[in-house]
Amino acid sequence: MPISVLPRLPASSGPWARWVVGSFFGVLVLLGVVLHRDYGVGWDEQLDRLNGIINAKYVALHLDPELARRQPTFAAIPDMRENSDADHGVLYQLPLVVLEKVVGAEDSRDVYFLRHLVIWLTCVAGTYALYRVAAGYLGSWRWGLLVAAALVLSPRLFAESFYNYKDVVFLGFFTLGIGTLRRWLRQPTGWHAALHALAVGAAIDVRTMGVLLLGLTIGFAGLEAWFRPDVRQRLATGLALFVPLTAAVVVLGWPYLWEHPAGNFLAAFQSFSRYRAEMLTVYLGQEISIQHLPWHYAPVWLLVTTPLPYSVLFGVGVGVIAWRALRRPWAWLTSTIGRVDLLMLAWFFGPLGAVILLNSVLYDGWRHLYFIYPAFLLLAGRGLQAAWNYWRATPTSRVITRRLGYGAVGLLTLGLAHTALRMVLDHPYQNMYYSFLPGPVAGRLFERDYWGLSGREGLQWIMDHDSSATVPVATDPRTGLMLHNAQLLLPPAQRARLRMVPVEQARYFLTTYRWHPAAYPSSLGPEVYCRRVRGITLVSVFRRPGR
């Protein structure tokens with residue numbers, strides 16, 4: 001990620017800053033190397049990989065039409081017209097498929113361990129993008145590093161940074177797009193406009209929601225031109241370059257668009273915005289259709305899965321900005337920091353408000369809105385910085401205020417330490433983190449392991465404790481994909497012994513409780529293994545009677 005792409009760091013940063021920041025991100029890289037084999041295969045991982053493989057075949061045949069004759073394995077790969085996920089961009093998935101071939105990953109364990117490591121490294125790069133944006137926004141590399149650390153100490157996103165190819169990766173690409181936008185608005189050169197177009201096009205090719213960056217770009221370019229007449233011409237020239245270059249990047253990075261760019265993109269966007277699949281989700285203790293979610297679904301999920309100190313500081317940050325904006329609206333808007341504040345507010349509240357007003361379909365928590373979380377943390381950083389500056393300016397004679405400040409720092413430190421400890425103790429199930437709800441309450445009110453990751457542990461227990469030549473295992477018919485994904489990480493010898501069969505033929509019944517939050521009937525036999533995290537049962541194994 002070129003340094004020139006993102007906002008320039010404050011001039012005060014020097015060798016010490018580079019050493020500290022480099023060490024921080026170096027530790028993150030090493031952490032991924034150590035931990036990437038600990039996580040199971042998520043619900044959509046195999047489907048995402050297949051989408052990449054289909055697109056790789058499509059690209060290869062366009063580059064060399066005779067290749068199909070020399071590659072008989074191509075016949076087993078569906079064509080693009082048979083690809084149900086063709087409307088999902090593959091800018092990230094396609095290189096991963098190529099990387100598998102380059103490193104010679106053949107066994108499924110090697111394939112998915114490699115992919116988990118790469119997604120983690122991608123998310124580290126996204127964290128670095130957030131660091132650069134935060135350092136520029138808050139005026140210090142120290143504040144920037146604090147915001148980046150808050151992202152790392154967000155348990156659910158930490159876990160999903162190993163297997164969520166869509167939402168967490170898109171978070172990083174969207175943040176990069178915000179960074180290039182800020183750089184271009186501050187220095188509206190053709191080079192910066194081109195870099196911004198590359199970032200926005202890449203974000204759209206990862207997830208269609210990246211089109212929001214187009215709206216932010218045009219809207220804030222207009223705002224900047226209004227208040228800075230001296231750069232109006234350069235902004236207009238930059239936009240004239242930005243729009244067609246972004247379109248070119250989108251088409252180039254998305255093979256599905258090659259034959260009919262406008263029509264296929266419109267179809268993909270409509271498919272994304274009009275998701276019509278029928279599915280149930282557990283929310284506030286009730287199973288409800290994802291087509292009829294209440295307006296508060298996303299805000300509540302965000303609140304209960306985000307460390308409480310972050311939410312409190314976010315409220316402070318928004319309050320500080322609102323106070324300054326309402327106190328002197330024009331002066332606030334004419335200032336550079338005021339317009340950047342507005343950008344952060346638009347980044348967070350714009351998509352969230354649109355989802356609520358349009359009654360958009362969401363499921364699996366608020367993961368489709370993860371890309372607004374960096375704005376949440378940046379606003380929280382704004383709140384912490386304002387509180388810190390106020391406390392520092394308080395005379396020592398105001399004893400009560402000073403003591404309250406010390407108490408607040410102590411509580412914040414304890415809260416972050418508790419979050420870090422939870423992440424260590426709950427590993428590798430940080431995706432089950434709930435900030436202030438007791439585990440049993442959270443397990444009753446919300447979805448549990450909707451990624452199906454714990455199926456790997458349950459299946460591994462079965463294979464470790466049953467030495468039979470064949471081991472028949474079943475699960476709920478609707479969650480058969482979970483069992484299939486779980487077996488991908490078994491050692492080859494154990495995988496050869498496994499038989500996935502209907503319930504009536506099975507010796508073991510394995511469940512991760514998705515779409516079946518209630519207890520299972522005793523007819524399945526005794527529960528011989530289960531895994532709980534903070535009192536929430538993630539996976540259970542039942543031994544069927546007489547088998």
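Values below: every heavy atom of this structure, side chains too, minus hydrogens, waters and symmetry copies.
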| task | Please indicate whether Trp226 has more than 12 foreign heavy atoms, meaning atoms of other residues, nucleotides or ligands, lying under 6.0 Å from its CH2. | result | no

| Mind checking whether Ile372 and Leu352 have side chains closer than 4.5 Å, heavy atoms only? | yes

| query | Is it the case that Gln430 and Tyr39 place a side-chain donor and acceptor less than 3.5 Å from each other? | reply | yes

| Which atom names give the shortest non-hydrogen contact between Ser454 and Val539, and what distance separates them? | OG-CB, 3.6 Å

| message | Side chains of Val41 and Tyr163, heavy atoms from C-beta outward: is any pair under 4.5 Å? | response | no

| said: Side chains of Asp167 and His368 only: does a donor on one sit below 3.5 Å from an acceptor on the other? | reply: no

| Any donor-acceptor N/O pair, Thr189 side chain to His192 backbone, under 3.5 Å | yes

| request: Just do the side-chain contact (heavy atoms from CB on, under 4.5 Å) check on Leu490 and Leu498 with the steps written out, would you? | output: CA-CA 10 Å; Leu490 288 175; Leu498 174 67; 4.2 Å; yes

| request: For the residue pair Asn359 and Gln291, confirm or rule out a side-chain donor-acceptor distance under 3.5 Å. | output: no

| message | Measuring only between side-chain heavy atoms, which start at C-beta, is Leu171 closer than 4.5 Å to Thr175? | response | yes

| field | Approximate separation, where rounding is to 0.5 Å, of Leu369 CG and Met209 CE | value | 6.5 Å

| message | Main chain of Ile77, side chain of Lys57: is a donor-acceptor contact present, judged purely on distance under 3.5 Å? | response | yes

| query | When rounded to the nearest 0.5 angstrom, what distance separates CG in Leu195 from CZ in Phe242? | reply | 12.0 Å

| Is there a donor in the side chain of Tyr370 and an acceptor in the side chain of Glu160, or the other way round, less than 3.5 Å apart? | yes

| Checking side-chain hydrogen bond (donor to acceptor under 3.5 Å, both in side chains) for the pair Asn164/Glu45: CA distance, chi angles, key distance, verdict? | CA-CA 8 Å; Asn164 186 344; Glu45 285 193 64; over 6 Å; no

| query | Between Tyr450 and Arg514, is there a cation-pi geometry (under 6.0 Å to ring centre, at most 45° from the normal)? | reply | no

| query | Would you say the ring centroid of Phe376 lies under 6.0 angstrom from that of Tyr373? | reply | yes

| said: With a 4.5 Å cut-off on side-chain heavy atoms, are Leu362 and Ile290 touching? | reply: no

| request: Any chance you could lay out the side-chain contact (heavy atoms from CB on, under 4.5 Å) test for Met500 and Val473, step after step, and finish with the verdict? | output: CA-CA 5 Å; Met500 292 179 280; Val473 181; 5.6 Å; no

| note | Rounded to the nearest 0.5 Å, the CD1 atom of Ile178 sits from the CZ atom of Phe173 at a distance of 15.0 Å

| field | salt_bridge(Asp79, Arg81) N-O dist < 4.0 Å | value | yes

| How are the rings of Tyr256 and Trp254 set to each other: parallel, tilted or perpendicular (split at 30° and 60°)? | tilted

| said: Main chain of Glu457, side chain of Arg531: is a donor-acceptor contact present, judged purely on distance under 3.5 Å? | reply: no

| Stepwise side-chain hydrogen bond (donor to acceptor under 3.5 Å, both in side chains) test for Tyr165 and Gln93 | CA-CA 8 Å; Tyr165 299 94; Gln93 292 294 333; over 6 Å; no

| said: So which atom in Leu94 and which in Gly52 form the shortest heavy-atom distance, rounded to 0.1 Å? | reply: CD1-O, 3.6 Å

| Is the backbone of Leu185 close enough, under 3.5 Å, to the side chain of Arg228 for a donor and an acceptor to pair up by distance? | yes

| Sub-4.5 Å side-chain heavy-atom contact between Arg367 and Arg156 | no

| request: Look only at the side chain of His36 and the backbone of Val33, and say whether a donor-acceptor pair between them is shorter than 3.5 Å. | output: yes

| field | Under-4.0 Å salt bridge between Asp107 and Arg495 | value | yes

| task | Please round to the nearest 0.5 Å and tell me the distance separating atom CG of Leu96 and atom CD1 of Ile119. | result | 8.5 Å

| query | Do Thr479 and Leu483 pass the side-chain contact (heavy atoms from CB on, under 4.5 Å) test, and can you show the C-alpha distance, the side-chain angles, and the key distance before you say yes or no? | reply | CA-CA 7 Å; Thr479 58; Leu483 185 57; over 6 Å; no

| Qualifying side-chain hydrogen bond (donor to acceptor under 3.5 Å, both in side chains) pairs with a residue from residues 95-106, counting only residues at least two apart or across chains | Arg49-Glu100, Glu100-Arg115

| said: Nearest 0.5 angstrom please: Thr127 OG1 to Phe24 CZ, how far? | reply: 7.0 Å

| Does the side chain of Gln46 reach to within under 4.5 Å of the side chain of Tyr112, using non-hydrogen atoms? | yes

Please list every donor-acceptor pair under 3.5 Å in which a side-chain atom of residues 211-222 meets a protein atom from a residue at least two apart or in another chain.
| unit_1 | atom_1 | unit_2 | atom_2 | d |
| --- | --- | --- | --- | --- |
| Thr217 | OG1 | His196 | NE2 | 2.7 |
| Thr217 | OG1 | Leu213 | O | 2.7 |

| said: Looking at Leu280, is its backbone amide N or carbonyl O close enough to the side chain of Trp515 to form a donor-acceptor pair, meaning the two atoms are under 3.5 Å apart? | reply: yes

| request: Give a yes-or-no answer on whether the side chains of Asn51 and Asp48 include a donor-acceptor pair shorter than 3.5 Å. | output: no

| task | Could you pull out the closest heavy-atom pair between Ala225 and Leu235, with the gap in Å? | result | N-CD1, 3.6 Å

| Between Thr305 and Trp366: side-chain donor-acceptor atoms closer than 3.5 Å | yes

| Contact check, side chains of Thr281 and Leu293, non-hydrogen atoms, under 4.5 Å | yes

| query | How close do Val249 and Asp205 get, heavy atom to heavy atom, and via which atoms? | reply | O-OD2, 3.1 Å

| task | Using distance alone, with no hydrogens and no angle criterion, decide if Asp449 and Thr512 have a side-chain donor and acceptor under 3.5 Å apart. | result | no

| With no hydrogens and no angle check, is any side-chain donor or acceptor of Ser154 less than 3.5 Å from a backbone partner on Ala150? | yes

| query | Are the side chain of Arg497 and the backbone N or O of Met463 linked by a donor-acceptor pair below 3.5 Å? | reply | yes

| query | side-chain contact (heavy atoms from CB on, under 4.5 Å) between His62 and Glu259: does it pass, once the steps are laid out? | reply | CA-CA 11 Å; His62 271 68; Glu259 295 182 14; 4.0 Å; yes

| note | When every non-hydrogen atom of Pro78 is compared with those of Ile54, the smallest separation belongs to O-CG2, 3.6 Å

| request: Report yes if some heavy atom in the side chain of Leu342 is under 4.5 Å from a heavy atom in the side chain of Leu223; otherwise report no. | output: yes

| task | Measure centre to centre between the rings of Tyr131 and Trp141, then say whether the value is under 6.0 Å. | result | no

| note | With Phe158 as partner, the option from Trp120, Tyr433, Tyr429 fulfilling ring pair (Phe, Tyr, Trp, His ring centres under 6.0 Å) is Trp120

| request: Would you give the length of the straight line joining atom CG of Asn55 to atom CE of Met80, rounded to the nearest 0.5 angstrom? | output: 3.5 Å

| is_close_aromatic(Trp347, Phe371), centroid dist under 6.0 Å | no

| field | Atom of Val282, atom of Glu447 and distance for their closest heavy-atom approach | value | N-OE2, 3.1 Å

| Whether Arg109 side chain and Leu489 backbone form a donor-acceptor pair below 3.5 Å | yes

